Structures are given as structure tokens and as C-alpha cells.
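Take a look at the structure set out below.
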Number of protein chains: 2
Amino acid sequence: MTEPLEALLARAPRLAPGHVWLAGAGPGDVGLLTLACLSGLRQAEVIVHDALVAPAILDLAQPETVLVFAGKRGGRPSVEQADISAELVRLARAGRRVLRLKGGDPHIFGRGGEEVLALAEQGIPFRVIPGITSGLAALTVALMPATLRGVNQALVLATGHDAPEISRDGLVAGALDWASVARLGQPVVLYMAVTHIVAIADQLMAAGLAPDTPAAAIGSATTPAQRILVCSLATLGETLAAAGLATPAIVVIGAIVATRARLLALLPQLEQEAMPWQLPG
Amino acid sequence: MTEPLEALLARAPRLAPGHVWLAGAGPGDVGLLTLACLSGLRQAEVIVHDALVAPAILDLAQPETVLVFAGKRGGRPSVEQADISAELVRLARAGRRVLRLKGGDPHIFGRGGEEVLALAEQGIPFRVIPGITSGLAALTVALMPATLRGVNQALVLATGHDAPEISRDGLVAGALDWASVARLGQPVVLYMAVTHIVAIADQLMAAGLAPDTPAAAIGSATTPAQRILVCSLATLGETLAAAGLATPAIVVIGAIVATRARLLALLPQLEQEAMPWQLPG
């Protein structure tokens, strides 16, 4: 007989009063939650969560746990990052057992780094629990292995949140050098890129990436709202606009996208098999 | 009272006879296992696993489950990839409920893509369950947030498995263009890079990456054998050699490495807090 699961969770570290656990809840599906995150959900007295954390996951918390929403939803302005950090410090100082819960992984474009620095500056003990990052889970459910021998030796994860801007003298402003991304010639996984996708695709093509490079967008990966759109680099903008793809969405550009068609041609039922786990809380 | 874990898992999809689940077990710690992977461990009749899957994780399988080792350990030659795929097909055709279990994430330098293509070619139904990829978990336990506003807008995951080779005419052979990686100017996370680290670091420096770029190596992340070595790009080779760092190890190069020192200066106890969960099976 294997060990009862509740006994397994009982051996998890304690979330102590006045401590903060910063945990990733994964892309959305309950099946992609880690045991450590589940332990945090059960031990927390207060959970400060983002909009990207699925209700089915929050349902796993104790009924008496206080849920604090700290995120952006429905176009309303987001809570300021400094306010979130201050709230975490306040709750920890009040002796609460605090879970800061984010969609995906806290340290992959999740601003978790800023939060742990703010906690450390105030002397608040914390622990970070990795989650399945949404970009990689999205590729998997879309039947696009992120790496494939003979196809790619690297993968670029990038944020599309900051728009590439052309200044008056024709130079590109903005921190990420999209031309260098193009010249690397390896697949790119873009987070938060829907808004600026036309500008980003234009930059990549201007730097030499072929317009017919395979591309795809995966919306709300591993949730009931999941959508998979396959196109090319040149048609990304029109494809996303025509589909009215809502955020959150992951965009992937590169040869790895083509594996999806190979797999579906061999085994059409995969379209269903690759659907989310759909474990409602 | 929250829903018992047993009841939660009972709502997972069924691993049917003749089907294969290809799952990532995460970097090693039991706390970083997903509920979906745990469900697979419990349902499987046969588990075909790599050397990187921790014994404590295999202990979560049913006692009657057959464990098949398919990996490299202790310098012995690895099982051929084609043989592993053939074994998965054979087990599925025999009507077994098969879990193919890999360390980390099956699709991040795990050769999972080759295995699913082989299964699809033989008409074997499968499902892929993402795991926490070791490179990202290693950064988190080493107190190095993988992304930080104002520091980086992208992250390169790359395999260091293939050596960069200088051919007779001075050109670099090998598929990944390390000079382009250097010119991108974003942090790089290297998998399986210990063997070729000197050649890779030399290529990056030759392309203009500063020798004093922060660098680190994290061995056996989230396991009891975890080791964290911090150095610079120029000293990576000698640092790894002097420490005798064993594989598996993750190497990270870039400004994000410096966050570790900032956090430890503010909160020295983090050195302990960031240690693995240590949930033995």
C-alpha cells in the first residue's frame, strides 16, 4: 500500500506565522498544481492572488482563509506593484501565514523578483515555490514540443509587454533587441505579446526572419477557454485580430510549431487528448 | 474542511490500458510534483523512468507497479532513444497503462518530442504532462529570479550538450550560434553544459560578452545533494572543475545572478529557507 496522500502533505514544511510563501499556481488547470503549492493553499490564513489564478484553485484553500485580490481584470487599472508588496509586508508583520499566489511561475515575467526584494528589505522571511510556467505548458497542450533534436538547441522566452518603438531617427527604442532575437534563429515564446504583436512581428521580419516562419497563439492554455491558432509570422497580427483572441495568450514563433501538424496527421484524436485536465475544484 | 487529496485525485482523467502518459517529474523534490503526475504514478502498471527521477518520487507508485529503468547512470552508456520508444510501443500494445517519467519537463531538452512522434507513428494514444523544468527551478532555489524588471526582458534556455567546434577554417561548427546568444545580451540558462562549459564560455566572450558577467552553477537542484556555485563567465570553467561539480547541473550566465547576493545581504537566513523541500517518499 502506498502512503496516503494526506500523510504526504502533512510532511511538507510549515508556513509559519509572519512568513510569506510566493507560489506559482501554474497555467490554470488544477492537475498542474504542485504538491508544495497545494500545501501552501491549505496552510495559508491569507492568500493574495492574481487574476490569472483559476477559481478552481482558490477553492482548494480552507474555507476560513481570507482571499485578497491583487491584479488586473476586465480592463480596470491594475493594483500598483508597490501596493501589493506593502500589503504582503503588512500581513506578515501582523503575524499572518501568507500565500502570495500567481498564475504560472512567479519568476517568469511574474514580477516575483520585485516582491521578494521588497520582502527582504523589510526583513520578512519568505520562500518561493516554482510553478509550471504558462508559456511552456501552452506549447505542450498545443502539441508543440518546445525542443526537438535536429530542430532547435535553444528557446527564447520573452515578454512582449514593452512595445518596440521607432524613434524619429529610425532607431528602435525599447530594451529587447528584436533583431538579435531574429538572428539567433531559435524559437521564441512570447508572454503578454498580443497588444504589440504586429510591431514585434514586423521587427523580426525586418531583421531577416522569414515571413512564412510557423507561428501560433495559444489563449487561456489548460483552461476550459483554451484556444489554439496556427498561422505564420506574417499573418500573426491578422490571425489574432480576426479570432478576437483574449488575453492571457502565449505566442510562439519557430519551426517547433510544425510538430503539431505532424502529430495530428498521424493521430487525429490527439486534438481531444491534448485538452486540459479539467479538474474543477 | 477542504476536499481530501484522494478525492481530488480521483477526479483525474483515467490512464487507460494501451495508453502512454509522458510526464515530467520536476527537478527532484517531491513537493514540486504536479497532481497530474502523481495521478499517473498511482495509475500506472508500468513506469519507464530516467536516472534523473528521484527514488522518493518512484516510491509514490503502487507496490505492484513495474519499474523499468531507461537512462544513463554512473558513466554507463545510455539506452538508445530508439530502444526506449520501441519499449513504450511494445508495452502499450500489450495493453499496459504506461507512465513514461522524466526528470524536469519532458519537452525541455528531454527528448520527449522524439518519443511522442514515435508513439504517434505507431498509433499509440498518449498525453503529455508538463513538469517543472530543472533550469527554472534551479534559479529559484538559488535566489535568482529568472526575470526582473529593468534587468532582462528575455531568457534563453539552451542545451550545452553539443560542443562548439572550431573547424580548420576557423568557423564554428555546431548548431547553436553562441555569438548570436552573446549579442542578444539576455541571461542564458544552460542545460547539460558542464562538459563543454569552457568552450561555450570562450565563444560567448569572443563574441563580446564581458568576462565579469555574473555566472553560477547549480548542481542537483532541489535534492539533498544541491550545490550552488557563484562566479563569473571567465571563471566558470575553473570554478566547476575545482568544485568537482557532478551532473546534473544547470549553468546560468547574466545579470540575474546578482540578485542572489542582494537578497542574502538583506536576509542571510534565506540560505536555509531556500533549501529543498526535502519531502522523502
Side-chain angles (χ1 to χ4, degrees), chain A residues 2 5-6 9 11-13 30-36 42 60 62 105 107-109 111-114 116-117 120-121 123 125 127-128 130 132-133 136-137 139-140 145-149 153-159 162 175-177 180-181 183-185 259 262-263 266-267 269 273 277 279, chain B residues 2 4-6 9 11-13 30-36 60 62 105 107-109 111-114 116-117 120-121 123 125 127-128 130 132-133 136-137 139-140 145-149 153-159 162 175-177 180-181 183-185 259 262-263 266-267 269 273 277 279:
Chain A
T2 53
L5 294 173
E6 291 298 335
L9 274 185
R11 289 193 282 112
V30 174
L32 296 179
L33 206 61
T34 65
L35 291 177
R42 293 214 181 170
L60 299 173
Q62 307 287 353
D105 181 287
H107 283 342
I108 301 296
F109 308 118
R111 307 195 70 172
E114 289 160 86
V116 293
L117 281 164
E121 278 163 13
R127 187 186 276 269
V128 183
I132 303 272
T133 182
L136 301 184
L139 265 60
T140 292
T147 68
L148 197 61
R149 281 223 166 184
Q153 297 74 38
L155 188 73
V156 180
L157 310 182
T159 172
D162 306 312
L176 186 58
D177 178 8
S180 288
V181 173
R183 280 190 283 268
L184 183 57
T259 311
R262 284 177 70 188
L263 285 167
L266 291 163
L267 212 54
Q269 76 209 69
E273 291 283 339
W277 283 76
L279 288 179
Chain B
T2 53
L5 185 48
E6 293 287 356
L9 277 186
R11 291 193 281 115
V30 174
L32 296 179
L33 207 60
T34 64
L35 295 180
L60 299 172
Q62 307 286 356
D105 180 288
H107 282 343
I108 302 294
F109 307 119
R111 306 194 70 170
E114 289 161 84
V116 295
L117 281 164
E121 278 163 12
R127 187 187 277 267
V128 183
I132 303 272
T133 182
L136 301 184
L139 265 59
T140 292
T147 68
L148 197 59
R149 281 224 165 183
Q153 297 73 41
L155 188 74
V156 180
L157 311 182
T159 172
D162 306 312
L176 186 58
D177 177 7
S180 290
V181 173
R183 279 190 284 268
L184 183 58
T259 311
R262 285 176 69 189
L263 285 168
L266 291 163
L267 212 55
Q269 77 209 69
E273 291 284 339
W277 282 75
L279 287 181

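Side chains are part of it too, since the values below use all heavy atoms of this structure and drop only hydrogens, waters and symmetry mates. Note on naming: letters A, B, ... go to the chains in the order of the sequence lines (proteins, then strands), and numbering restarts at 1 for each one. All figures in this text were calculated on a predicted structure; none of them were measured in a lab.
- Across B/Arg183 and A/Ser180, no two heavy atoms sit closer than the pair O-OG, 3.7 Å.
- A/Leu117 touches chain B through backbone and side chain together, each having a heavy atom under 4.5 Å away.
- The candidate from B/Ala137, B/Gly113, B/Ala120, B/Ala158 with the greatest count of non-hydrogen atom pairs under 4.5 Å with chain A is B/Ala120.
- Most heavy-atom pairs under 4.5 Å with chain B: of the set A/Val116, A/Leu33, A/Leu148, this distinction falls to A/Leu33.
- The distance from the CD atom of B/Glu6 to the CD atom of A/Glu6 is 7.5 Å, given to the nearest 0.5 Å.
- Within the 4.5 angstrom heavy-atom criterion, atoms from both the backbone and the side chain of A/Ile132 approach chain B.
- Smallest separation of non-hydrogen atoms from A/Ile108 and B/Ala146: CD1-CB, 3.7 Å.
- Atoms OG1 and CG, on A/Thr159 and B/Leu155 in that order, are 12.0 Å from each other to the nearest 0.5 Å.
- Looking only at side-chain heavy atoms (C-beta outward), B/Leu136 and A/Pro130 stay at 4.5 Å or farther from each other.
- When each of A/Leu263, A/Thr133, A/Val156 is scored by its heavy-atom pairs under 4.5 Å with chain B, the top score falls to A/Leu263.
- To the nearest 0.5 Å, atom CG of residue A/Leu266 and atom CD of residue B/Glu121 are 5.5 Å apart.
- Across all their heavy atoms, A/Gly31 and B/Thr34 have their closest contact at O-CB, 3.5 Å.
- Residue B/Arg111 places its CZ atom among more than 12 non-hydrogen atoms of other residues, nucleotides or ligands, all under 6.0 Å distant.
- Taken from CD in A/Glu114 to OG1 in B/Thr147, the straight-line distance is 8.5 Å, to the nearest 0.5 Å.
- Ranked by heavy-atom pairs under 4.5 Å with chain B, the list A/Thr259, A/Leu157, A/Val181 is led by A/Leu157.
- Between chain A and the options B/Leu5, B/Leu267, B/Val128, the largest number of non-hydrogen pairs under 4.5 Å is found for B/Leu5.
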